[in-house]
Structures are given as structure tokens and as C-alpha cells.
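What follows is one structure encoded as C-alpha cells, with my remarks underneath.
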Amino acid sequence: MSHRPAHPIRTLLAPLLPLFLTLAALLAAAPAQAQPRSDVAEQAARLAERLRENPVYITDQLPRAVPRSTAPEFAALARRTGVPTYVMVLPGSSGGDDRELLAAVHDRLKRDGLYVIVDDVSVREATAFGVRAPAEDALTVATYELPYDAGPLRSMERFAEVVAQGSAKAAERAEAARARYGGDDDPPAMYIGPSDRENQSFVTGIALTAVPLSLLGVAWYVRRWRRGLPLTVRVATRSGGGWYLAPALAVVSAGAIALTATLLFDQTRSSAAPAPTAADLSARVERVAAGLAKDPVYQDPESPRMLDDARAKSLRERVRAFAGSAGGGPVYIALVPQTSEDESAGDSDLFAASVRERLGKNGVYVVVDPGSGFIDVYNHGLRLDGDRLAYDLPESIAYGDDAADEADDHLLGERLDRLMTYLDDSPRTAEPETPSAPAPAPDPVAETTLRPLFSGDFLPGLLLGALGAGALLALVAGGLGIAGAVLRRRHPEPLPTELLPYTAPSEPSMTYLHLVARSELVTLTRQLTAQRVDVAAAGPRLREYLDAALLLVDGDVGRLDDPATAPQDPAALVAVTVLARAGRAVLAGQADDTCCAVNPLHGPAVGRHHVRVTAEGPHRRMLPVCAECKDIAVGEPRTVPTLLLRLPGQTVPYYEGEGPLSAVPQGIARLAAAVLSERAAT
């Protein structure tokens, strides 16, 4: 049998035939894949119909987050993009493909432009059809540049702003936003919650009492503590002025804290949600009631369709059968999402009662959440046990089983069918039952309004602040107590001058001179402080005596506390002693201006007398002398030279040495003048 040779073209195309067949199959399948799902098609058709009327569509299911009354604001933001923009504010994603929905809406609306989906949080998806708009970059910027609680309006505002900037600028901002995302530069939250406000009130209360009371308590205690210190340690004050400083600071600090807290914690709202109108809060209930008036099985057009036509038809037949049964009545089934952003704040009982009031008909109201698959049943006016329906409904009907959880439709058709059987088998009551009215939903304005700053935990904060001020005062008291003990040990109180006899050795040591000078000068300064003497306004004698004495210690009484810092000139120490005693005499109202010139440490002079100043020869001087020296000068005149004061390291009487002590025989005023003139000269 002969065979014809294969045609060369056929030979070349044979290997490509499977490829052609595969390509043809893909092309044939492409239109089918481009077709949206039936539930998406229905939703897209409804949205396209609404957008044909108005380029902004806002669902009625989010009145607490995005009221429908904000449509003009969204429309104004949409116009800022510079391209035709269609905005759809829809509930949170139910698992569908938003891009598929946008494409389906565009196909049905047949208008090019920027299509945007906004949910209760932010701009969720956007796609440009037939126009040049950086939708992806604008979406990225709106997502990453704003905090999570900025709200839909601010998100739409940022989105429109970036679109209007053009592709190049939008791409640059998007890249920068992506680079910052997830780091320390993430934008902080714009709003605080009720617990944050309570914390602010608590902290404000603490500060408002802790700071002023601490100022008052610490200032009072420090003043009291200083009075217990050695006088030479503290700074002497000539009057009681300044006591008002601590109360003034306390008042100023309290006012500053209150003002600062008011400016710093100025938030008044916990959410970006605008206040809804009464129409916003009633729109969904009116829509569902109108739908149930026409059909006892109402499926929310903005949610995935859970019941196909066959299942819905079967359910209607069972509803009609129950309505005609003995003891039965109308059944209204609403497949509508229940969320915290709706008018009922997610309370299905309140939603059912609102729909029943709007519809004005008794019956069994079944609320089905397409998102969670939960079924709630409420009896309004039928002869059925309402508690049995509301609380004893089998879990397989109310919540479903594992199979229902895994199914996209939550097996709602089968479960509602079992619910109708459960209603058929439910015992009838003698009288119709009407449930008690559910609690009203929280007021949306009050729900997002923060409490005043000076309320709530503000009072406990005040109490804790007072306790904190007391604790701080205790710590300060303990610390100052330790410091005071150390200071008193290092700077012991001087020996009271009245315990120092007005007798002294004729050749005293530096230690003795230091002790006497310190005791006399500290006693004088203590008396000035206790009597609140204004030295500047006192007589010239007291002022000169005190100025001269202080000049010898460089104006610091504390120098006498430590022998290492005290003046090392014995003549200066004697002069300090004499001048301090003279100042005390002036304070006591005594007019004595002389001291014993034999030994100035003996004390005040009682008169003048010729005394021998050398052991040999008839050398005498008319000197002021104390009572003891006068008696000795009369009874034992040759003994007086042994009583003349000789300073450490000197063999001659004190008045023959260099320095101001040579003026002592002429009086204490001459001594003060000599000290002042000598120091002025240096």
C-alpha cells in the first residue's frame, strides 16, 4: 500500500497545534473569568445606580463612624483630585475583592474616573479607569503618613491631596512613607481614649497638690531646721521678711500646673467620627423596615448574598405556612450586619425592636448577621415563649457548628430552615408576649466626648498628691536631720558668754583667744537676730562695733567655727572679743565705752587709775581698769605689770605691739575706728 508524503506546511504546524489549542482555550475562558461573581454583580449594579445619582455614596450602616450627612465634605474632597472621582463609603471588607468590585462598578456606570472605596477607618482601595491618577501611591501615603485613628475624612483628604500633586510627587511621597513605616517615625495617635483621660486627670490631680504642698512643707521645715542649727552656720536675717515667698510660689505653681494641664491635655473627643444627625441614625432601620414590608426575607444589598433564590423562595413559603398555623404569626427575617458603628451599636435586640416599631407589626423578628453568621430571635406580640426563643435557641441554629464556620454562607439557609421547624414545634402560650424594651444605644456624641480634665480620677489624684507631698517632707526631714547632726558636730554651739568669767590669763593661748572671740561674736549675732535689729537703722556705735568686728573676720562669722579658717592674728581675735562685748552692751542699753586696759579680756572698766606698767621704775599710766585690777593697783601696785595682757609670741604688753589694740586705752570707739581705718588702708 502506497503512502502519500506529508505536506510540508502540515508537518511544520503539527507541533504547534497543542499550543494553539491551549491559547484558544485561555482566550475562550478569559471573558468568563472577567465576569464578576453574582453577589458582586448585584452589589456593583446597586452602587452604580447610586453613583449615577451622586458621585459620593455613603452607606447607612456606619452612622457612628461615617454619617451620611458628611457626603458634602467627601464630595468637596473628591473635587480636589482634579479628575472625576467616585467615592463609595462601605462597611468593612467582608472578604471580597475590592478591586473586582471597583471594576464591576465602573463597567456598569460606564464612566471613566478615579474610583475609591472608603470604610469606617480610612481609604481602603482606589483604582483609576481611563484617567491619569496616582491611585496606588496616594493610597500608600494616606495609609502610612496618617495615624491609624485619623478617621475616614482625614484619610480622604490626604489621598486627594497626593492625587492632585501628580504622579512624580506622589511616587516620591509614597517611597518616603514606605521607608518610615514601621520605625520610630510612625505618626502618633491623634485621639486618646477614656482611660487615657482618666490617667491625665489622675496625673494632674497629683501634680496640683504634690508640688504646692511640697513647696509649703519643705519651706516650713527648712526654716524650722535652720533655727536648730548653730547660728554661725546659717545666714543671719535681720528681719522675718520673706516668709510669704513659699506661699506665693505654691499659689503660682498651682496656677501654672492647672494652666499647663489645660493646654497640654486639651483633647475633647476620643474619635474622629463626626456627630450623626437623627436622619443618619434612622436611615438603616427605615430601609430594612421598608424592605420587610414588601418581603419577609430581607437580604442586605451591601453584604454578600447568603440565600440563593431557591433557598429564599423555600424560606418564604415556610414563613407563610407558620403565619397561617394555629398560634403562629408573621416572621420577619433580616440578614443585616450588626456592628458597633451602626445605629444600635451592634445590639441586635435593639435593632429588632426599632424595626418592629417602624414597621408597626407584631411577629417573630429574626436578625441574621451575614458576617458572623449569628442568628438572634425575638418575639414581639405572638403567643410564643420569648425567653425560649431568645435564650434557649439551640447553638446549632444560633451559632452554627464547625461546618457552618468553614462555609462562606455559614450554612444560613439550612439553619434558618431548622429555625422555622423549631418555631413550628414551639409551644404556644395563653397570651401574646411582648418583651421589655431594650436599653437605648449609647449616645454617639457622648460616647466620643471625653470627660472634663478636672473630673473622674482627678480627686483621687489630689489625695495621692497630698500623700506624696507628705512622703517627700518625711524624706527631706530625714535627710536634713542627718545633715544637721553633722553640722552640729562640726560646728558646735559656742560656750554661752555668760559662762565665760571676765577674767583671763595674762598670756592666753591661741585656742583660748579663738574660743572667746567665737563665743562673743556669735552671741552678738544671735541677739541681733532674736531681737530683729535692723543694724542699718541702728545707732552709729552699734553699727561701727559690728562692722569692725565683722571686718576682722572678713564678714563671715563662720570663719571662727574652724581654727584653720579663723584669723591667725591674736590681736584680731582680742579686738573681735572687745568689739562684740561692746556691741552687746549697746543692745543692753549700757553706755560703757571702755574696757580694762590692763587686760581687755577682763571686761568693762569701772574707772581710770594710775597703774604701774613696769616691774622696775616709777613708770605709771592712767588706764581704764576693771574692778579687780583697780583693787590690785591700790593694794598691790607692783603686781599689776604681771597682769598686763601679752599676746602669744610677744614679750611686750599688747598695746605696745603693732595693730589697732594700741587704741584700747583710749576707748572702744577708738579701737573700732582704728580697725576700720586700717582695713580701709589695706
Side-chain angles (χ1 to χ4, degrees), residues 30 33-37 40-41 43-44 47-48 50-51 55-59 62 65-66 70 73-183 185-187 190 272 302:
Q33 291 179 356
Q35 294 296 325
R37 302 190 314 268
V40 174
Q43 185 179 10
L47 291 173
R50 296 294 181 268
L51 292 176
V56 173
Y57 171 75
I58 299 180
T59 180
L62 304 173
V66 194
T70 58
E73 297 176 61
F74 277 98
L77 294 175
R79 288 192 292 270
R80 293 186 189 179
T81 62
V83 297
T85 302
Y86 301 93
V87 180
M88 293 162 280
V89 180
L90 302 176
S93 176
S94 58
D97 188 342
D98 289 333
R99 289 182 176 273
E100 181 183 3
L101 176 60
L102 289 175
V105 173
H106 168 255
D107 290 343
R108 281 152 183 79
L109 188 57
K110 301 185 184 305
R111 296 177 184 175
D112 288 340
L114 180 60
Y115 286 72
V116 183
I117 292 180
V118 181
D119 58 21
D120 58 311
V121 177
S122 62
V123 176
R124 193 170 76 203
E125 188 58 81
T127 305
F129 296 97
V131 296
R132 295 178 60 86
E136 288 290 340
D137 290 335
L139 184 59
T140 299
V141 172
T143 302
Y144 293 163
E145 281 191 356
L146 292 175
Y148 69 92
D149 61 346
L153 271 173
R154 279 196 180 91
S155 179
M156 182 64 195
E157 181 181 21
R158 186 64 54 89
F159 176 85
E161 170 193 329
V162 177
V163 170
Q165 288 180 334
S167 299
K169 183 63 175 178
E172 181 181 340
R173 288 185 63 174
E175 184 63 29
R178 276 190 292 266
R180 290 194 304 267
Y181 182 71
D185 293 334
D186 284 354
M190 297 184 66
E302 295 180 350

Task: Passing option when Leu90 is tested against Leu62, Asp120, Leu101 for side chain to side chain contact (heavy atoms under 4.5 Å, CB included) - done: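 Exactly one option meets the side chain to side chain contact (heavy atoms under 4.5 Å, CB included) with Leu90, and it is Leu101.
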Which heavy atom in [X] sits nearest to a heavy atom in [Y], and how many Å separate them?
{"X": "Ala128", "Y": "Ala133", "value": "CB-O, 4.1 Å"}
{"X": "Met190", "Y": "Pro147", "value": "CG-CG, 3.2 Å"}
{"X": "Asp119", "Y": "Pro152", "value": "O-CG, 3.5 Å"}
{"X": "Pro84", "Y": "Val131", "value": "CD-CG1, 4.4 Å"}
{"X": "His106", "Y": "Arg111", "value": "CD2-O, 3.1 Å"}
{"X": "Arg154", "Y": "Leu146", "value": "O-CD1, 3.6 Å"}

Open item on the list: side-chain contact (heavy atoms from CB on, under 4.5 Å) for Leu109 and Tyr86? Distances and angles first, verdict last.
Closed with: CA-CA 10 Å; Leu109 188 57; Tyr86 301 93; 3.9 Å; yes
- [ ] Output yes when Glu175 and Arg178 qualify as a salt bridge under the 4.0 Å nitrogen-oxygen rule, no when they do not.
- [x]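 Answer for the salt bridge query: yes.
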About how many Å separate [atom2] of [Y] and [atom1] of [X], when rounded to the nearest 0.5 Å?
{"X": "Ile117", "Y": "Glu125", "atom1": "CD1", "atom2": "CD", "result": "7.0 Å"}
{"X": "Thr70", "Y": "Leu153", "atom1": "OG1", "atom2": "CG", "result": "5.5 Å"}
{"X": "Leu114", "Y": "Thr81", "atom1": "CG", "atom2": "OG1", "result": "6.0 Å"}
{"X": "Thr140", "Y": "Phe159", "atom1": "OG1", "atom2": "CZ", "result": "10.0 Å"}
{"X": "Leu77", "Y": "Ser155", "atom1": "CG", "atom2": "OG", "result": "10.0 Å"}
{"X": "Leu51", "Y": "Arg108", "atom1": "CG", "atom2": "CZ", "result": "13.0 Å"}

Could you check whether any side-chain heavy atom of [X] comes within less than 4.5 Å of a side-chain heavy atom of [Y], counting everything from C-beta outward?
{"X": "Val121", "Y": "Tyr148", "value": "no"}
{"X": "Met88", "Y": "Val118", "value": "no"}
{"X": "Glu145", "Y": "Arg180", "value": "yes"}
{"X": "Met156", "Y": "Glu73", "value": "no"}
{"X": "Val163", "Y": "Pro134", "value": "yes"}

Task: Main-chain N/O of Gly166 paired with Lys169 side-chain donor or acceptor, under 3.5 Å - done: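 Not at all, since once roles are kept as given, no pair shorter than 3.5 Å links the two residues.
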- [ ] Sequence neighbours left out, what passes side-chain contact (heavy atoms from CB on, under 4.5 Å) with Glu161? Give chain and number order.
- [x]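 Testing Glu161 for side-chain contact (heavy atoms from CB on, under 4.5 Å), a comparison that skips the adjacent residues, returns Arg158, Gln165, Arg173.
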Task: Parallel, tilted or perpendicular: ring planes of Phe129 versus Tyr115, cut at 30 and 60 degrees - done: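 Perpendicular, since the angle between the ring planes exceeds 60°.
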Task: Residues Ile58, Phe74; criterion side-chain contact (heavy atoms from CB on, under 4.5 Å); working and verdict - done: CA-CA 9 Å; Ile58 299 180; Phe74 277 98; 3.9 Å; yes
